[in-house]
Amino acid sequence: MNDIIFAAINLGIAVAFFVLGKYVYPKIPKTITDKLFELGQMAEKFVVWAREFMKSSTGVEKMEKVVEMLKEVAEEAGLKVTDEQLQAIVQAAYEAMKAGEKEAQQAAPAASVVINTQAPAGTVAIPTNDVPEDALEDNADGTVNAYDEQGKKVGTIAKEVAEQTAANVTVILQEGAVVK
């Protein structure tokens, strides 16, 4: 009988530790560092919020509002944090946001458009895959069809002239850029 009671107590203790390990301990932050890290993440969100929704306010007003919001979050989480500590956390979040903006500006240069106002010197060819099936066939009168860059027929030219022109190509434009 004592063995059964001992086994039941062991089972009860094992179940209690399982429940504590599965449901209670994961909800308890490991250290104050974890809590401060979470507070820092909230500060980053509040700083972005202040930038977007307090555009007409001064920097000092934004800082005060973000510190006030962080103080409320810290109190709800049971953290005892001074105003100076909160200001330091907010300042670090602000500097991280500014550094990210600067890095994004450097990584993505401003878009620019280059308008070529001068035609390239020489005979220009524009390659395309968008041509009709009979584009390479000669006409009955000894001419060949001429096409524009969209693949539309613009007229006919003598076959010899077409061959001579093709041989004299010095510049190839592909998607607006000079290839040759």
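Values in this document were obtained by computation on a predicted structure and should not be read as measured data. For the numbers below, each heavy atom of this structure counts, side chains included, while hydrogens, waters and symmetry mates do not.
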Colleague: Taking side chain to side chain donor-acceptor pair (under 3.5 Å) as the definition, give me every residue that meets it alongside E68, ordered by chain and number, with sequence neighbours left out.
Modeller: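 Side chain to side chain donor-acceptor pair (under 3.5 Å) check on E68 returns nothing, list empty.
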
Colleague: Kindly compute the distance separating CZ (F18) from OH (Y23), expressed to the nearest 0.5 Å.
Modeller: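 Output value for this atom pair is 5.5 Å.
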
Colleague: Taking all heavy atoms of R51 and all of K55, pick out the closest pair and write down the distance.
Modeller: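 Closest heavy-atom pair between R51 and K55: O-CG, 3.3 Å.
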
Colleague: Check whether any side-chain N or O of D141 sits under 3.5 Å from a backbone N or O of T143 as a donor-acceptor pair, and report yes or no.
Modeller: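 Side chain of D141 to backbone of T143, a donor-acceptor pair under 3.5 Å: yes, one is there.
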
Colleague: Using 0.5 Å steps for rounding, measure from the CD1 atom of I157 to the CD atom of E163.
Modeller: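 Reported value, rounded in 0.5 Å steps: 10.0 Å.
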
Colleague: To the nearest 0.5 Å, what is the distance between CD1 (I89) and CD (E44)?
Modeller: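 Taking CD1 in I89 and CD in E44, the distance rounds to 11.0 Å.
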
Colleague: If you count heavy atoms of other groups shown closer than 6.0 angstrom to OH of Y94, is the number above 12?
Modeller: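 Result for OH/Y94: open.
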
Colleague: What is the distance from atom CG of L11 to atom CD1 of I4, rounded to the nearest 0.5 Å?
Modeller: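 CD1 of I4 is found 13.0 Å from CG of L11.
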
Colleague: Rounded to the nearest 0.5 Å, how far apart are CD of E72 and CZ of F46?
Modeller: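 Reported value, rounded in 0.5 Å steps: 8.0 Å.
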
Colleague: Quick check on the hydrophobic clustering: are I13 and F6 connected, directly or via other members, by side-chain heavy-atom contacts under 4.5 Å?
Modeller: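 No, because I13 and F6 fall into different hydrophobic clusters, even though each may have its own neighbours under 4.5 Å.
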
Colleague: Say whether Q91 and E95, considering side chains only, have a donor N or O and an acceptor N or O under 3.5 Å apart.
Modeller: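 Short answer, yes.
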
Colleague: Please name all residues satisfying side-chain contact (heavy atoms from CB on, under 4.5 Å) with E64, sequence neighbours left out, ordered by chain then number.
Modeller: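 Scan of E64 (side-chain contact (heavy atoms from CB on, under 4.5 Å), adjacent residues dropped) gives V60.
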
Colleague: Provide the closest heavy-atom pair for M54 versus E61 in the form atom of the first, atom of the second, distance.
Modeller: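 Closest approach of M54 to E61, heavy atoms only: CE-O, 4.0 Å.
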
Colleague: Let me confirm one number: the OG1-CG distance from T156 to D138, rounded to the nearest 0.5 Å.
Modeller: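 Output value for this atom pair is 11.5 Å.
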
Colleague: Looking at every heavy atom in both Q85 and T82, which two are closest together, and how far apart are they?
Modeller: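 What the structure gives for the nearest pair is OE1-N, 2.9 Å.
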
Colleague: Does L86 reach the side chain of L39, with side-chain heavy atoms less than 4.5 Å apart?
Modeller: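 Side chain of L86 against side chain of L39, heavy atoms only: contact under 4.5 Å found.
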
